[in-house]
Amino acid sequence: MRDLSKIFEDLNPRIQRINDEGLMIPPDINYQNQFTLLEDDSIDSGRFLDDIIFVDSRRRTFESITVSGYVTLLCQIITGSVRFKKGECFPLFSPDDGPKSKLVLGIPKDFANIANLKDGEELNIGKLNCITCVGEDAKSAIEIYMQHAEQLEVENQISECLTIKDGSIDFATPAFKKNRGPIGLVKNVQKAFVNFETFNAYAFMKSGERSKSIIAELGHDRNLLRIMSYLKLINKPGLRGLVRIETIIDKSEFNQTKESIFSTFNSLARTLPLLTDQSSIIPRTPEDVLPVIFLEKYLDRYFYDPVYVHCAVLESFGEKVG
């Protein structure tokens with residue numbers, strides 16, 4: 001009988017512990033045979049960036065409420081920023097003026113029609129209040145709301161310095177501006193935008209190396225382009241430490257903007273590995289750079305207590321909870 005580790009050892013496996021089967025089952029990577037690479041064969045070394053704002057959200061799902069066979073989700077979304085400047089990192093919020101926090105009820109659109117619930121409607125849950133978000137299902141509705149919250153935070157911060165949003169960028173505004181971004185930092189790559197052979201080669205890049213930029217239309221708007229590059233954060237083959245950096249521009253802006261985008265990617269290729277825990281001792285590194293981990297720790301302090309929320313739901317529904 002063959003040993004699994006022997007079969008996988010030359011494929012550089014990435015092992016992830018699943019803490020909650022219902023919330024995280026890693027999907028296969030979706031490869032794409034037709035793609036377009038930009039840039040010349042040589043990629044210049046960029047300058048180190050000593051002033052960057054990182055934007056991220058934290059989500060906690062408190063309750064699943066099933067009604068007439070439809071599942072709704074009660075979540076808290078907290079969105080904020082930190083600034084890395086000259087070797088120091090500090091949050092851009094305080095106890096007196098905290099991060100944006102909202103209790104959100106994700107609702108499938110079919111049930112929203114049945115219950116006559118509108119997107120963005122304010123609801124009371126006992127002593128708590130929440131806002132509704134409607135999507136194809138409850139999970140996608142929550143993700144849409146979180147993306148919008150992050151978009152507003154990016155718009156609020158982007159005038160200061162280069163702004164990086166943790167995760168993919170799926171919004172058109174603000175579009176890329178020189179020395180400002182925004183840039184998406186994608187660590188959970190689900191869609192490769194290239195074929196298997198090309199993507200596999202990226203796994204063998206050295207720390208600080210990046211791929212030639214890739215261009216693709218934004219799925220829901222053919223007037224917008226996604227420009228992206230893969231970046232290796234650590235000197236270890238395989239998917240560990242492989243992230244994608246990306247931005248969105250209008251097609252009409254591509255020719256006059258592309259060199260500025262490439263220059264920004266070069267600078268991030270030099271900077272982000274230096275903001276990475278190379279030892280991988282800290283959970284969720286190396287793909288989560290240290291300023292993002294710093295931000296997440298601060299945002300976690302603003303979550304409601306799960307017992308408090310559960311009691312509020314029970315008190316609100318009373319005997320109608322089944």
Side-chain angles (χ1 to χ4, degrees), residues 2-18 21 23-44 46 139-140 143 147 164-170 183-222 224-249 251 254 258 261-262 264-266 268-270 272-273 276 278 280 284-289:
R2 293 194 298 167
D3 188 274
L4 180 66
S5 64
K6 296 298 183 183
I7 298 172
F8 283 1
E9 64 181 351
D10 293 331
L11 301 177
N12 304 299
R14 179 185 181 188
I15 299 172
Q16 293 178 278
R17 181 179 180 183
I18 297 179
E21 185 177 355
L23 294 180
M24 192 196 83
I25 301 177
D28 290 338
I29 293 177
N30 183 358
Y31 299 106
Q32 190 169 319
N33 290 326
Q34 300 296 322
F35 58 96
T36 302
L37 295 178
L38 307 171
E39 301 182 271
D40 298 328
D41 289 337
S42 60
I43 296 177
D44 296 332
K139 183 178 178 181
S140 63
E143 290 171 350
Q147 186 79 207
I164 295 178
K165 173 192 168 301
D166 189 61
S168 185
I169 289 188
D170 290 320
I183 300 294
L185 177 59
V186 185
K187 54 184 178 286
N188 295 319
V189 179
Q190 297 181 11
K191 186 174 181 180
F193 293 97
V194 294
N195 60 26
F196 169 78
E197 292 76 16
T198 302
F199 185 79
N200 190 53
Y202 296 160
F204 290 89
M205 294 189 297
K206 301 298 184 182
S207 176
E209 289 184 353
R210 74 171 182 88
S211 72
K212 294 180 183 179
S213 293
I214 307 154
I215 187 170
E217 290 181 342
L218 197 65
H220 55 76
D221 192 333
R222 295 187 177 274
L224 298 175
L225 296 175
R226 189 192 303 272
I227 313 297
M228 67 199 92
S229 175
Y230 283 91
L231 167 62
K232 192 71 168 173
L233 298 176
I234 61 172
N235 279 319
K236 185 177 181 180
L239 295 187
R240 285 198 64 81
L242 183 67
V243 296
R244 189 174 74 231
I245 46 180
E246 64 181 32
T247 194
I248 303 295
I249 60 168
K251 277 186 176 179
F254 173 66
K258 62 181 181 180
I261 294 174
F262 301 158
T264 301
F265 286 175
N266 289 341
L268 289 174
R270 182 175 181 185
L272 292 181
T276 299
Q278 300 284 337
S280 301
R284 297 184 65 183
T285 59
E287 290 83 6
D288 261 338
V289 295

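Predicted, not measured: the structure shown is a model, and the values here were computed from it.
- In this structure the side chain of Phe265 reaches within 4.5 angstrom of the side chain of Ile183, judged on heavy atoms.
- The distance from the OG atom of Ser168 to the CD1 atom of Ile248 is 7.0 Å, given to the nearest 0.5 Å.
- Nearest approach of Ser229 to Ser213, heavy atoms of both residues: CB-OG, 4.2 Å.
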For the pair Asn188 and Glu287, evaluate side-chain contact (heavy atoms from CB on, under 4.5 Å) and give the outcome as yes or no after the intermediate values.
CA-CA 8 Å; Asn188 295 319; Glu287 290 83 6; over 6 Å; no
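- Scanning all heavy atoms of the two residues, the minimum distance from Phe35 to Phe193 falls at CB-O, 3.1 Å.
- For the pair Thr36 (side chain) and Ile215 (backbone), a donor-acceptor distance under 3.5 Å is absent.
- To the nearest 0.5 angstrom, Tyr202 atom OH is 11.0 Å from Arg244 atom CZ.
- The line from CG of Leu185 to CG of Leu272 is 6.0 Å long, rounded to the nearest 0.5 Å.
- Val243 pairs with exactly one of Leu233, Leu268, Val186 by the side chain to side chain contact (heavy atoms under 4.5 Å, CB included) rule, that one being Leu233.
- Closest approach of Met205 to Leu242, counting heavy atoms only: CE-CD1, 4.0 Å.
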Should Leu38 and Ile214 be marked as a side-chain contact (heavy atoms from CB on, under 4.5 Å) after you check the CA-CA gap, both sets of side-chain angles, and the distance that decides it?
CA-CA 6 Å; Leu38 307 171; Ile214 307 154; over 6 Å; no
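- Rounding to the nearest 0.5 Å places CD of Glu246 at 8.5 Å from OH of Tyr230.
- Using a 4.5 Å cut-off on side-chain heavy atoms (C-beta onward), Ile234 and Arg240 make contact.
- Not counting sequence neighbours, Lys191 has no partner by the salt bridge (charged side-chain N to carboxylate O under 4.0 Å, His left out) test.
- Phe254 has its side chain within reach of Ile227: a pair of non-hydrogen atoms, C-beta onward, lies under 4.5 Å apart.
- Under the 4.5 Å side-chain criterion, counting only non-hydrogen atoms from C-beta, Ile164 is not in contact with Ile245.
- Evaluation of the salt bridge (charged side-chain N to carboxylate O under 4.0 Å, His left out) rule for Lys165 yields Glu150 as partners, not counting sequence neighbours.
- No donor-acceptor distance shorter than 3.5 angstrom exists from the side chain of Glu217 to the backbone of Leu225, with no hydrogens or angles considered.
- Distance alone, capped at 3.5 Å, places no donor-acceptor pair between the Thr276 side chain and the Val289 backbone.
- Looking at Glu39 and Lys212, no side-chain N of the basic residue comes within less than 4.0 Å of a carboxylate O on the acidic one, giving no salt bridge.
- By the salt bridge (charged side-chain N to carboxylate O under 4.0 Å, His left out) test, Glu143 is found to be paired with no residue, residues two or more places apart in sequence or in another chain being considered.
- Remark: Lys251 NZ is packed, more than 12 non-hydrogen atoms of other residues, nucleotides or ligands lying under 6.0 Å away.
- Remark: the backbone N or O of Gly46 is paired with a side-chain donor or acceptor of Arg270 at under 3.5 angstrom.
- Between Arg210 and Phe262, some side-chain heavy-atom pair lies under the 4.5 Å cut-off.
- Rounded to the nearest 0.5 Å, atoms NZ (Lys258) and OG1 (Thr247) are 16.0 Å apart.
- Looking only at distances, a side-chain donor or acceptor of Arg226 sits under 3.5 Å from a matching main-chain atom of Ile169.
- Note that NZ of Lys232 and CG of Leu239 are 7.0 Å apart. Values are rounded to the nearest 0.5 Å.
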